[in-house]
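For reference, the structure discussed in these notes is given below.
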Amino acid sequence: MRDAIYLDYNASTPIDGAVLDVMQPWLTSAFANPASHHLPGRMAHAAVDDARARLAELVGARPGEIVFTSGATEANNLALLGALSALPDNRRRIIAPLTEHKAVLEPLTWAQDHGYKIELLPVAPDGLLDLDQLAATLGDDIGLVTVMLANNESGVIQPLARINELAHQAGAITHTDATQAAGRLAIDLDALDVDMASFSGHKMYGPKGVGALYIRRGIRIEPLMHGGGHERGLRPGTLNVPAIVGMGAAAAIARTRLAADVQHFAELIDHLHDKLVIAGCAPIDIVSPSSGAAGPPRLANTRNWRFAGADADAVIANAPTLALSSGSACTSSVPGPSHVLRAMLADDEAASECVRISVGRPTTRSEIAEAAALLAAAVNRVRDLTHPDIPTDATAATTPAGALA
Ligand code: PMP
């Protein structure tokens with residue numbers, strides 16, 4: 001039975017049925033340790049290598065550049081903290097935008113507590129990093145620059161190739177958290193000229209508890225854990241073969257489906273927007289507030305929409321059969337607007353009125369139609385309760401689509 005209409009695919013995606021089928025034997029009969037030298041062990045090893053090749057193919061890397069981890073959180077920690085000891089003593093400053101995920105910001109906070117200087121750069125209201133400001137902040141004391149490829153809350157895609165070019169010109173190494181981009185955007189890590197990139201299985205219709213770090217040939221980092229030398233000594237511990245095989249299968253599927261998926265997502269988002277407008281509940285697109293403007297490049301499946309006069313948490317509480325979010329699932333225990341929205345919108349009230357919608361492969365047009373009706377009803381209920389003096393229709397009429405009130 002369906003409990004809710006799920007519109008939170010940036011928080012997690014279901015395991016694709018074909019992925020599950022491929023994983024199944026590795027969970028049961030084919031259980032050997034891929035480090036064992038006997039035949040079953042070598043078969044498991046070959047399956048891991050095959051998954052490595054498939055992921056590498058999806059993101060434009062060589063298989064030898066992929067290290068499997070327990071997820072993107074671990075991949076980010078390994079990249080950022082593992083690189084610290086490789087940084088020269090005169091390059092102990094690290095740059096990141098304020099809108100990074102906590103799985104980047106928290107390791108950086110740790111680094112700050114251990115003698116590194118962290119520069120968190122603001123973003124424009126459209127979520128993009130100001131490249132002039134980045135260039136002005138870069139210098140010969142910068143060791144590392146980390147910028148997320150596509151933001152988990154806004155979907156905004158940063159001009160990463162240019163960012164990496166600037167960082168490299170300044171002599172820094174670079175990392176990107178590409179967790180939300182994999183399977184939603186064509187990725188060519190070579191073309192992006194990035195030194196390290198993080199990925200997660202459960203954001204690309206693979207299993208949870210598996211991820212990967214791309215480490216470009218020639219880049220040296222230190223492991224965070226020490227043990228049995230697995231994954232070129234960078235990530236010790238018996239490999240999670242079923243999950244890794246699943247991530248590889250998910251990558252292969254993502255590669256073949258990418259164009260169709262992106263089109264599906266774009267149609268669903270347009271449909272939801274149209275239905276909300278018809279329901280008298282036009283959303284304000286926070287990254288592209290003037291109607292008709294294209295706005296920055298974005299993931300086709302993600303929108304962060306403001307419903308002026310309606311607190312997002314109240315809207316979500318008033319739509320219990322909709323699975324939506326007012327920020328990242330990883331920070332949902334923190335009350336108030338997310339740090340990402342706060343960084344983008346000067347006005348905290350505006351930030352507290354934003355709802356993140358992220359559609360996925362299983363989302364249907366009929367779900368979208370139903371979701372629009374439920375969302376519009378919830379927004380109108382919250383507006384009525386908060387501003388009983390303003391008739392609902394007037395709220396809609398005085399808030400033209402795209403106007404940032
Ligand atoms: N980075 C981003 C951008 C994410 O969206 C997430 C998941 N919310 C993570 C990192 C953490 O990924 P994982 O769950 O695989 O640790």
Side-chain angles (χ1 to χ4, degrees), residues 6-15 19 51 55 58-59 66-82 96-110 120 123 127 129 146-158 160 175-185 187 192 194 196-214 224-225 235 237 240 243-244 246-248 250-251 254 298-299 301-304 323-334 338-341 343-344 356-360:
Y6 190 86
L7 295 177
D8 199 16
Y9 286 88
N10 285 11
S12 199
T13 60
I15 300 184
V19 169
L55 181 61
L58 177 69
V59 299
I66 302 288
V67 168
F68 285 111
T69 65
S70 64
T73 300
E74 186 190 335
N76 286 342
N77 274 267
L78 178 56
L80 301 170
L81 303 183
L98 275 164
T99 44
E100 289 298 303
H101 191 274
K102 291 288 176 190
V104 163
L105 294 177
E106 289 302 314
L108 293 185
T109 301
W110 186 94
L120 295 180
V123 295
L129 192 58
T146 177
V147 177
M148 202 191 297
L149 178 52
N151 190 274
N152 51 305
E153 292 190 39
S154 64
V156 169
I157 299 165
Q158 297 288 349
L160 205 60
H175 166 257
T176 187
D177 181 347
T179 303
Q180 295 289 344
R184 299 187 182 140
L185 182 71
I187 301 178
L192 290 175
V194 70
M196 295 182 283
S198 304
F199 300 97
S200 175
H202 75 105
K203 309 286 180 167
M204 47 191 276
Y205 304 89
K208 294 176 179 58
V210 65
L213 179 64
Y214 158 86
L224 301 186
M225 296 190 289
R235 207 288 182 165
N240 183 353
I244 290 171
M247 188 167 179
R298 259 185 296 180
L299 293 177
N301 81 316
T302 310
R303 288 296 178 269
N304 214 310
L324 295 167
S325 102
S326 58
S328 155
C330 306
T331 46
S332 57
S333 55
V334 183
S338 77
H339 69 282
V340 174
L341 295 171
M344 293 168 65
R356 177 180 77 175
I357 291 141
S358 48
V359 297

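These numbers were taken from a predicted model, which means no experiment stands behind them. As the structure lists them, so they are numbered: ligands from 1, and atoms in each ligand from 1. The chain is numbered in sequence order, starting from 1.
Residue-level proximity to ligand 1 for Lys208 is absent, since no heavy atom of it falls below 4.0 angstrom. The side chain of Gln180, and not its backbone, has at least one atom closer than 4.0 Å to an atom of ligand 1 (non-hydrogen atoms only; side chain from C-beta on).
The one candidate from Asn304, Leu341, Leu7 that meets the side chain to side chain contact (heavy atoms under 4.5 Å, CB included) condition with Arg356 is Asn304. For the side chain to side chain contact (heavy atoms under 4.5 Å, CB included) test with His175, the passing option among Thr146, Val194, Val147 is Thr146; the others fail.
Partners of Arg298 according to the salt bridge (charged side-chain N to carboxylate O under 4.0 Å, His left out) rule, which considers only residues two or more places apart in sequence or in another chain, are Asp285.
Close approach of ligand 1 to Gly71 (heavy-atom distance below 4.0 Å) involves ligand atoms 15 (O). Counting the atoms of ligand 1 from 1 in the order shown, those under 4.0 Å from a heavy atom of His202 are 13 (P), 14 (O), 15 (O). Below 4.0 Å from some heavy atom of Ser200 lie the following atoms of ligand 1, by number and element: 13 (P), 15 (O). Residue-ligand proximity, Thr73 to ligand 1, at heavy-atom distances under 4.0 Å covers atoms 11 (C), 12 (O), 13 (P), 16 (O).
Looking at Asn301 and Asn10, their side chains do bring a donor and an acceptor atom within 3.5 Å of each other.
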### Message
Would Ser12 and Lys208 count as a side-chain hydrogen bond (donor to acceptor under 3.5 Å, both in side chains) here? Give the steps.
### Response
CA-CA 8 Å; Ser12 199; Lys208 294 176 179 58; 2.9 Å; yes
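Counting only heavy atoms from C-beta outward, the side chains of Glu153 and Thr99 never approach each other to under 4.5 Å.
Within the structure, the closest approach of Lys203 to ligand 1 falls below 4.0 Å when heavy atoms are considered.
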